[in-house]
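One structure below.
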Amino acid sequence: MTIVFSFLWAGLLANSGCTRHEVEVKPLEIKPIHITIDVNVKVDRALDDFFGDLDKAKRE
């Protein structure tokens, strides 16, 4: 009886090393990224500084 169990055990150990793995490699899809930056604040401040100096010169 122990011989039968030892053969079964040896068979299980021999089959445990035989595994099959599959890795599916799909092509990557790269999409463009659209970025919108609002620069109105900088332009508005620059115009205020420019015309503010002109307004001060006219008042004086």
(request) Determine whether more than 12 heavy atoms belonging to other residues, nucleotides or ligands lie under 6.0 Å from atom CG of Leu8. (result) yes
(request) With sequence neighbours excluded, tell me which residues meet salt bridge (charged side-chain N to carboxylate O under 4.0 Å, His left out) with Glu22. (result) Arg20
(message) Show me the pairs that pass salt bridge (Lys or Arg N to Asp or Glu O under 4.0 Å) and involve residues 24-34, at least two apart or across chains.
(response) none
